[in-house]
Amino acid sequence: MAAADVRDMLDLPAEGQQQPRPHKKQKVVEKRPEGITRELYALLGERAPPIAINENRYKGRPKWMSKLRVRPWRMAPFTNGARSDELVLRHWQRQQEPTNAPALEGPEAEKPEEKKQPEEGEGVPKPPEQEYPFVKYNVKARVPKRYSDDEYNRHLKNDDWSRQETDYLMDLAEEYDLRWVVIADRYDFQPQPIDAEANSNALVPAKRYRTMEQMKARYYYIAATMLAFEHPPSEMSETEFELHEKMLKFDPDRERVRKELAALQFNRTADEVREEGILLEELKRITAKEQNFIAERRELYSRLEVPISVGNTAMYQSSQGLSQLLSTLLQADKSKKRRSILGPEGAAAPSPAGQTPTTSGPASARDSRAETPGQAPAPATKKAAAAAAAAAAANKEPQQQPLKTLTPAEEARYGVQHHERLTPSVQFRSDRPQKLTHAKSNVQSQKLAAALAELEVPPRLVMPTERLCKEFEKLIVSVNALLDARKMGEKVESEIRVLEAAREERERKEQEAKEKENPQVKTESDHNDSSLASAAPAGSTDGANDGKDPAVPAPSVEGPEAGAGAGDGTAGDASHKRSASVLSNGSDKSAKRQKK
Amino acid sequence: MNPSIPPSTAEYGGDEVSAIVLDPGFSTTRAGFAGEDAPKSLVPTYYGKYSYEGQEKLIFGDDVFVTPRPGLSIHNPIGRDGIVEDWDMAEKVWEYSFASRLTGAKPGNPLHNGLNDVSNGELPTEMEVEETEKPLADSPLLMSECGWNPTKAREKTIEIAMESWGTPAFYLARNGVLSAFASGKASALVVDIGASNISVTPVHDGMILKRGVQHSPLGGDYISSQIRALFKNNSPQPITITPHYLISSKTGVEAGQPAQAKYKTFPPEKAPDASYRTLLEERTISEFKESVVQVWPGPTKLAAVGPGGVPNEEMAKTTPARPFEFPDGYNQLFGVDRYRVVESLFDAKAAIADPESPFPAPTQAQTVTELIKSALNGVDVDIRPHLLANVVVTGASSLLYGFTDRLNQELMQTFPGPRVRISAPGNTSERKFGSWVGGSILASLGTFHQMWISKKEFDEHGPNIVEKRCK
């Protein structure tokens with residue numbers, strides 16, 4: 001708040017209006033750091049250099065505010081309508097301008113002004129009709145009309161309660177707005193005239209102690225009676241009648257007993273509290289157990305009613321299928337809110353029966369029976385429904401199936417397909433054959449790829465139609481089989497070689513032993529030749545002998561035995577590969593290749 | 001208009017009429033304007049009296065601590081039970097509390113401030129009447145009182161306010177109620193640990209329940225006497241507290257070594273009264289209370305065996321001791337003793353016996369827990385659980401370290417069934433000035449202004465109106 005504001009408020013003449021001006025000018029300058037021109041500063045854009053220009057100075061009011069006129073407040077006297085005397089207190093109050101000139105005031109300032117006007121606006125020099133805003137909170141409890149002497153004597157007389165004490169009670173009830181706790185606390189009735197009598201009797205009566213229940217009973221009786229005087233019960237409104245009934249039915253004895261019980265409850269010892277806690281815990285456990293029992297029994301019943309489904313378990317053979325089964329079971333368990341118990345599908349899963357799609361007679365019969373409404377009240381799973389539909393299609397039982405069944409030709413025509421199961425997410429058809437080309441080991445997949453390349457089948461199908469995919473799958477399967485066969489062949493062959501080499505060695509040694517007896521050079525070289533030919537079947541000519549029998553001996557190869565052994569591995573491998581591809585060439589896949 | 005529906009936010013409930021709130025206590029008197037969050041004027045209720053050149057002089061406010069004038073004696077107008085004994089002096093102390101800081105010196109009458117002096121000094125006679133202006137002529141006054149204040153004292157209070165101070169409107173509120181208001185509760189069980197008294201006040205809907213009001217003298221001064229007893233029985237040598245004014249210089253000594261200080265001596269005719277020394281010793285003791293004294297956290301009493309089977313005293317010995325240096329330089333570590341001095345607030349048997357103490361040995365009925373128990377027994381059973389769930393702890397002595405934790409433990413053990421919840425403001429000034437803050441709230445409410453006793457009503461009905469209106 002500037003000095004000018006104070007001056008404005010106190011209606012003092014403004015003397016130095018220049019004071020806020022230089023302050024404003026400074027403000028404009030300090031927005032950008034000194035030494036940077038405005039254009040440059042604008043060029044910096046949002047990424048300002050990391051210099052914290054932080055000045056600790058009083059922020060003051062926003063600029064637009066300084067344009068507003070300060071609203072004057074003044075110390076105004078007021079009277080409170082809730083008081084009987086005319087006590088004048090003084091408080092600060094906003095003074096309303098005699099000529100309302102909102103032109104100077106911004107819209108922001110105008111709004112609260114308007115809002116406050118109706119509730120507070122007593123700014124105009126003391127308008128007498130303006131009421132103090134807090135008077136409306138001055139409310140009193142509704143107490144019954146006070147009885148007259150005549151009424152008291154006729155209807156309200158009570159041996160226990162004197163007229164004075166009754167008056168005293170009614171006064172207290174009114175004074176403390178029926179706060180019975182306070183009334184009972186402050187109740188202190190001293191019967192003066194009776195005291196004198198008692199003194200004359202020389203028998204001082206013990207000071208009467210009234211309980212809250214006694215007071216309430218007396219008060220309610222009087223209030224109900226007075227209410228009945230005002231309106232006879234037949235003319236009472238509903239709420240009045242209810243009140244009347246409630247007051248008449250007040251039972252001090254019951255209230256007293258209730259309070260005694262409440263006191264007992266309040267003053268429990270720690271042991272009692274602990275015992276109660278234990279008992280409550282026990283009760284909770286018992287009820288929970290009962291609930292569990294009921295749930296389990298219901299579960300048992302539902303399981304008895306569920307039909308045994310023998311479906312295709314082929315899908316559960318792979319680990320992916322099993323994990324999916326587990327997830328669906330968990331889902332079902334969660335929705336049932338009970339412990340995991342393997343469902344009927346789970347029970348069926350480990351059974352080895354039905355590896356093939358359910359086209360066999362008895363299985364389909366059972367499935368279709370399950371589908372009839374009378375026998376299968378349990379909700380059929382998606383899989384069961386699909387299996388049943390397939391079985392029905394195969395069985396052609398239109399009288400049991402309300403659905404129209406299609407012949408295989410029609411199915412093919414309309415492109416209707418039956419899936420074993422549908423994976424939940426979206427996937428491409430081409431993904432499946434793609435997956436097949438990736439074997440477990442890298443070497444194996446490389447071999448697969450090489451085989452495909454040789455067949456000129458692209459590893460990624462160009463047009464993965466349903467049929468093509470199936471064919472591709474078959475191709476991959478047979479390639480795999482072929483590869484396996486080759487592997488086996490290789491193994492056997494190398495074993496043969498090793499054995500032969502061993503035999504040769506033995507023979508040579510025998511020969512040597514013989515030659516020691518009678519040396520003959522000619523036979524030695526013969527043996528050497530034959531052994532080399534068997535050990536290294538393909539020599540340097542491996543590029544040209546496509547389609548030839550690899551077992552053809554190459555007599556030209558000469559060299560030490562060790563070198564031939566080393567070359568033997570790689571060369572043999574290459575030749576075998578070729579032979580495998582040749583074999584596959586000759587197989588039924590040649591038709592495929594032609595198609596491409 | 002339904003009173004149970006709170007006013008909307010647009011309707012702000014405050015309406016400040018620049019009322020003054022005066023909260024007189026045994027140790028300090030708090031005064032300030034209603035609507036503020038702390039009293040502007042905090043003066044000791046103790047005042048000094050000495051004679052200078054045959055005239056009796058009085059010292060008020062913090063000045064009493066400053067100068068050891070010859071023959072200066074310290075008095076308190078309020079009795080140990082919290083009821084005013086010396087009304088004349090109480091009036092002066094209270095008047096000093098607001099006149100020194102709040103109402104202050106008014107701009108003098110332009111005829112007397114020396115600027116408009118007429119040469120002859122002849123003054124218009126009607127101006128003489130205005131000269132005796134009352135100190136509170138334009139501020140309503142809200143005063144607080146303890147829950148057991150007798151009717152006579154209340155009437156005397158309103159007479160002082162209306163006749164001597166000339167306040168236009170007056171109200172006398174119970175400090176228990178005000179403390180409950182300061183915590184934002186209309187119903188609460190207020191536990192006030194003051195200097196001379198501890199009191200328990202059940203409050204229901206903004207009114208005290210008189211049959212439940214309990215008080216006992218185990219307040220801050222009692223703890224001081226326990227600390228004195230502890231110093232007297234200190235094991236290497238008894239500790240004597242020498243206040244600062246008696247020490248001219250000191251040198252640091254090792255812990256437990258006798259102090260090396262030069263003392264000031266006053267010749268008997270210049271020495272202040274013994275009560276002055278006691279007052280200043282009390283300041284050192286309150287420093288000791290603030291920095292050393294700790295309440296055993298419980299859950300069992302200090303003398304009992306703890307939950308681990310280890311006696312609590314042994315457990316207390318394992319906690320690190322705290323050092324304290326006295327004004328003369330003597331310093332010592334205080335171990336388990338710092339728990340002992342306050343243990344008797346909860347366990348009367350644990351009191352340190354001191355035959356010279358002005359406080360008789362406490363009885364078990366005077367302990368905080370027993371007070372709360374008997375206070376609850378005095379009120380209707382239906383509201384007892386509600387009160388226990390709204391226990392308000394206030395008063396400066398409740399700032400003893402660990403007090404509320406121990407109280408909570410004690411209450412949970414005494415009342416295992418109902419829920420016990422203690423609300424004690426963590427802010428020191430809110431705890432110290434709880435009843436003043438409540439008065440500040442009350443007197444600045446727009447709805448309260450219909451409850452003031454106006455001068456007119458006082459003139460009509462006499463001082464007894466305070467009994468009718470301030471219920």
Side-chain angles (χ1 to χ4, degrees), chain A residues 75 77-93 112 115-116 118-120 132-141 175-177 179-188 211-213 255 258-274 276-277, chain B residues 1-4 7-8 10-19 138-140 168-169 187 202 204-213 373 376-385 388 412-418 444-457 459-460 468 471:
Chain A
M75 196 69 156
F78 70 97
T79 55
N80 192 335
R83 298 187 66 93
S84 56
D85 60 345
E86 294 288 312
L87 174 66
V88 179
L89 295 169
R90 294 151 63 79
H91 60 180
W92 284 104
Q93 210 165 43
K115 208 175 77 186
K116 281 201 174 171
E119 49 183 66
E120 168 175 31
Y132 187 56
F134 294 101
V135 169
K136 59 186 171 187
Y137 300 112
N138 182 28
V139 286
K140 294 294 275 180
E175 189 179 349
Y176 293 113
D177 292 336
R179 289 186 186 94
W180 286 105
V181 177
V182 182
I183 293 169
D185 182 67
R186 304 291 167 90
Y187 195 87
D188 185 23
T211 63
M212 192 197 287
E213 288 72 49
E255 191 72 1
R258 183 186 71 78
K259 287 209 170 156
E260 277 166 13
L261 285 176
L264 271 182
Q265 157 90 358
F266 181 80
N267 292 322
R268 282 173 306 171
T269 62
D271 285 340
E272 284 164 343
V273 170
R274 212 171 303 129
E276 190 190 292
Chain B
M1 182 66 220
N2 188 347
S4 63
S8 66
E11 292 177 62
Y12 164 60
D15 184 16
E16 303 192 3
V17 295
S18 67
D138 46 347
S139 312
S187 301
H204 179 76
D205 266 0
M207 277 181 267
I208 62 162
L209 300 177
K210 284 181 178 167
R211 290 179 194 178
V213 176
K373 218 170 170 179
L376 284 177
N377 282 336
V379 303
D380 192 67
V381 69
D382 286 346
I383 62 164
R384 283 179 206 170
L388 266 185
M412 297 242 271
Q413 276 168 25
T414 319
F415 305 101
S444 61
L445 285 178
T447 44
F448 175 72
H449 299 323
Q450 68 181 68
M451 299 182 64
W452 294 108
I453 301 169
S454 69
K455 179 89 175 126
K456 193 175 163 195
E457 284 168 319
D459 290 342
E460 264 175 40
K468 287 198 198 93
K471 295 177 278 203

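Each chain gets a letter, A, B and so on, in the order the sequences are listed, and its residues count up from 1. For clarity, every value in this text was computed on a predicted model and none was experimentally measured.
- Proximity to chain A is absent for every atom of B/Leu445, based on heavy atoms less than 4.5 angstrom apart.
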Residue pair A/Tyr176, B/Met207: steps toward the side-chain contact (heavy atoms from CB on, under 4.5 Å) verdict: CA-CA 10 Å; A/Tyr176 293 113; B/Met207 277 181 267; 3.6 Å; yes
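- Only the side chain of B/Pro140 has a heavy atom closer than 4.5 Å to any heavy atom of chain A.
- Considering all non-hydrogen atoms of both residues, B/Gln450 and A/Ala82 come closest at OE1-CB, 3.4 Å.
- Put simply, the side chain of A/Tyr132 reaches to within 4.5 Å of the side chain of B/Asp15, judged on heavy atoms.
- Residues A/Ser84 and B/Glu457 form a side-chain contact, since some pair of their non-hydrogen atoms from C-beta on lies under 4.5 Å apart.
- The ring pair (Phe, Tyr, Trp, His ring centres under 6.0 Å) check on B/Phe415 picks up A/Phe266, with sequence neighbours excluded.
- With rounding to the nearest 0.5 Å, the separation of CG in B/Asn377 from CG in A/Asn267 is 6.5 Å.
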What do the steps show when you test A/Arg258 against B/Asp382 for salt bridge (Lys or Arg N to Asp or Glu O under 4.0 Å), and what is the final call? CA-CA 10 Å; A/Arg258 183 186 71 78; B/Asp382 286 346; 2.8 Å; yes
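- Between the CD1 atom of B/Ile208 and the CG atom of A/Asp185 there is a distance of 7.5 Å, given to the nearest 0.5 Å.
- If you measure heavy-atom distances from A/Ala263 to chain B, the contacts under 4.5 Å come from both the backbone and the side chain.
- Considering only heavy-atom pairs separated by less than 4.5 Å from chain B, the leading option among A/Met75, A/Met212, A/Glu260 is A/Met212.
- Contact of B/Leu209 with chain A is made through backbone and side chain together, with heavy-atom distances under 4.5 Å.
- Residue contact with chain B, scored on non-hydrogen atoms closer than 4.5 Å, is absent for A/Thr211.
- What you find for A/His91 and B/Glu16 is that their closest heavy atoms are CB-O, 3.1 Å.
- Only the backbone of A/Arg90 comes within contact range of chain B, with at least one heavy atom under 4.5 Å from a heavy atom of that chain.
- Side-chain contact between A/Val135 and B/His449 is absent, with no heavy atoms from C-beta onward closer than 4.5 Å.
- No part of B/Met412 comes within reach of chain A, as not one of its non-hydrogen atoms sits under 4.5 angstrom from that chain.
- With a 4.5 Å cut-off on side-chain heavy atoms, B/Lys456 and A/Leu87 do not count as touching.
- Counting heavy atoms from C-beta outward, B/Trp452 and A/Arg83 have side chains that approach closer than 4.5 Å.
- Distance alone, capped at 3.5 Å, places no donor-acceptor pair between the B/Arg384 side chain and the A/Ala262 backbone.
- Residues A/Ala270 and B/Pro416 come closest through the heavy atom pair N-CG, 3.4 Å.
- For a residue to count as touching a neighbouring chain, one of its non-hydrogen atoms must lie under 4.5 Å from one of that chain's; by this rule A/Asn80 touches chain B with the side chain only.
- Checked against side-chain contact (heavy atoms from CB on, under 4.5 Å), A/Glu175 has the following partners two or more places apart in sequence or in another chain: A/Leu172, B/Lys471.
- One distance of note links CZ of B/Arg211 with OH of A/Tyr187; it measures 10.0 Å at 0.5 Å rounding.
- The candidate with the highest count of non-hydrogen atom pairs below 4.5 Å against chain B, out of A/Asp85, A/Leu89, A/Thr269, is A/Asp85.
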